[in-house]
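Take a look at the structure set out below.
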Amino acid sequence: GPMPTGTSRGVNPPIRQRDKAMRSRLFTLFFALAALMLLACCDDGRVYDRYADVHVEGWRSADTLVFNIPKQQPGRYRLDVGLRYTTDFPFKSLYIGVDRTLLGKKHTLHETLNLPLLDDDGHMLGDEGVSNCVINFHVSEVNLQQTDSLRITIHHLMQRDPMPGITGVEVKLCRVG
């Protein structure tokens, strides 16, 4: 005879919930990919991208990271700095010094940046991986002439030395015009 309706009703909701969970997981994946694509917009124009590891015991303020960017086509470029960090990072933000030297002109520009890494509740602000988090910051736009090559140096300006929780620094240069 016909199955009692109580049984089928008991079986259906978990399946519907599983479908809903799967759908929301797919949506999340889709939006994460869309966000990644937005972050990577600069990729087609990316002319330089280097990553420097920081000492495993912590980033010492004397450890200046150096990025030598070779000559580029004349034009306008966007300079980004990325940080990789872990939950060992003890503060809400990191102060770094960024020096940009145009090697052709021996002209150096010093900038101090305050990079927020945690929100008020202590949650990481970047894209979280399994063991660390990656976050990108737009530093500035740079106009390069035919003969210009750039040297970017980065060091931290925090009292705590060495600084735990920062595992690497990335410098990207993207053509914008």
Side-chain angles (χ1 to χ4, degrees), residues 32 35-119 124-177:
L36 266 176
M37 297 292 278
L38 278 176
L39 277 177
C41 271
C42 145
D43 277 6
D44 0 334
R46 185 183 302 192
V47 294
Y48 179 89
D49 186 350
R50 293 285 180 287
Y51 177 80
D53 282 313
V54 169
H55 196 282
V56 73
E57 286 164 20
W59 188 8
R60 296 183 181 85
S61 56
D63 292 345
T64 298
L65 305 172
V66 180
F67 301 87
N68 288 307
I69 301 177
K71 290 181 181 141
Q72 302 297 328
Q73 294 298 314
R76 217 168 76 245
Y77 293 85
R78 169 186 159 140
L79 179 67
D80 288 354
V81 169
L83 289 177
R84 210 167 264 166
Y85 63 107
T86 68
T87 50
D88 294 336
F89 182 72
F91 303 108
K92 277 173 51 177
S93 62
L94 175 73
Y95 282 89
I96 62 171
V98 178
D99 293 348
R100 280 193 333 235
T101 306
L102 276 176
L103 295 179
K105 302 190 175 49
K106 296 274 189 251
H107 169 68
T108 300
L109 200 77
H110 306 282
E111 287 178 277
T112 298
L113 301 177
N114 177 16
L115 308 178
L117 300 184
L118 302 174
D119 66 16
M124 296 169 127
L125 292 172
D127 300 320
E128 286 192 57
V130 176
S131 61
N132 60 21
C133 194
V134 178
I135 192 164
N136 272 305
F137 298 97
H138 172 57
V139 177
S140 59
E141 288 205 348
V142 190
N143 285 305
L144 295 179
Q145 310 303 318
Q146 189 70 56
T147 56
D148 291 342
S149 49
L150 260 182
R151 172 179 291 142
I152 310 286
T153 62
I154 299 177
H155 56 281
H156 83 76
L157 300 169
M158 306 289 279
Q159 298 267 309
R160 180 134 174 212
D161 199 25
M163 174 56 61
I166 303 294
T167 58
V169 178
E170 180 181 29
V171 165
K172 281 187 274 204
L173 191 69
C174 304
R175 177 115 195 205
V176 290

How close do [X] and [Y] get, heavy atom to heavy atom, and via which atoms?
{"X": "Pro116", "Y": "Ile135", "value": "O-CD1, 3.8 Å"}
{"X": "Asn68", "Y": "Tyr48", "value": "O-CE1, 3.4 Å"}
{"X": "Glu128", "Y": "Cys133", "value": "CG-SG, 3.7 Å"}
{"X": "Asn114", "Y": "Ser93", "value": "OD1-OG, 2.8 Å"}

Below 3.5 Å, can you tabulate the donor-acceptor pairs from side chains in residues 158-167 to any protein atom, sequence neighbours excluded?
| residue | atom | partner | partner atom | Å |
| --- | --- | --- | --- | --- |
| Asp161 | OD1 | Ser61 | N | 2.7 |
| Asp161 | OD2 | Ser61 | OG | 2.9 |
| Thr167 | OG1 | Arg84 | O | 3.2 |

Can you tell me how far the [atom1] atom of [X] sits from the [atom2] atom of [Y], to the nearest 0.5 Å?
{"X": "Met124", "Y": "Thr87", "atom1": "CE", "atom2": "OG1", "answer": "5.5 Å"}
{"X": "Ile96", "Y": "His156", "atom1": "CD1", "atom2": "NE2", "answer": "11.0 Å"}
{"X": "His138", "Y": "Arg78", "atom1": "NE2", "atom2": "CZ", "answer": "5.5 Å"}
{"X": "Gln73", "Y": "Gln146", "atom1": "CD", "atom2": "CD", "answer": "6.0 Å"}
{"X": "Lys172", "Y": "Phe67", "atom1": "NZ", "atom2": "CZ", "answer": "12.0 Å"}
{"X": "Lys92", "Y": "Leu125", "atom1": "NZ", "atom2": "CG", "answer": "9.5 Å"}

Note to self: Please list all pairs meeting salt bridge (Lys or Arg N to Asp or Glu O under 4.0 Å) that have one or both residues in residues 134-149, counting only residues at least two apart or in different chains.
What the structure shows: Arg76-Glu141, Lys105-Asp148
Does the side chain of [X] reach to within under 4.5 Å of the side chain of [Y], using non-hydrogen atoms?
{"X": "Leu65", "Y": "Val171", "answer": "no"}
{"X": "Val54", "Y": "Asp63", "answer": "no"}
{"X": "Leu109", "Y": "Leu102", "answer": "no"}
{"X": "Trp59", "Y": "Leu94", "answer": "yes"}

Check: Just wondering, are more than 12 heavy atoms of other shown residues or ligands nearer than 6.0 Å to CZ in Arg151?
Finding: no
Note to self: Using a 6.0 Å cut-off, check whether atom OH of Tyr95 has over 12 heavy atoms from anything other than its own residue.
What the structure shows: no
Next item on the list: Check step by step if side-chain hydrogen bond (donor to acceptor under 3.5 Å, both in side chains) holds for Thr108 and Asp99.
Entry: CA-CA 6 Å; Thr108 300; Asp99 293 348; over 6 Å; no
Check: Tyr85 side chain to Leu117 main-chain N or O, any donor-acceptor pair under 3.5 Å?
Finding: yes
Notebook entry, point to check: Can you check whether Pro70's main-chain N or O pairs, donor with acceptor, with Gln72's side chain at less than 3.5 Å?
Noted result: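 Such a contact is found between Gln72 side chain and Pro70 backbone.
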Next item on the list: Might you work through the side chain to side chain contact (heavy atoms under 4.5 Å, CB included) test for Leu144 and Tyr77, ending with a clear yes or no?
Entry: CA-CA 7 Å; Leu144 295 179; Tyr77 293 85; 3.7 Å; yes
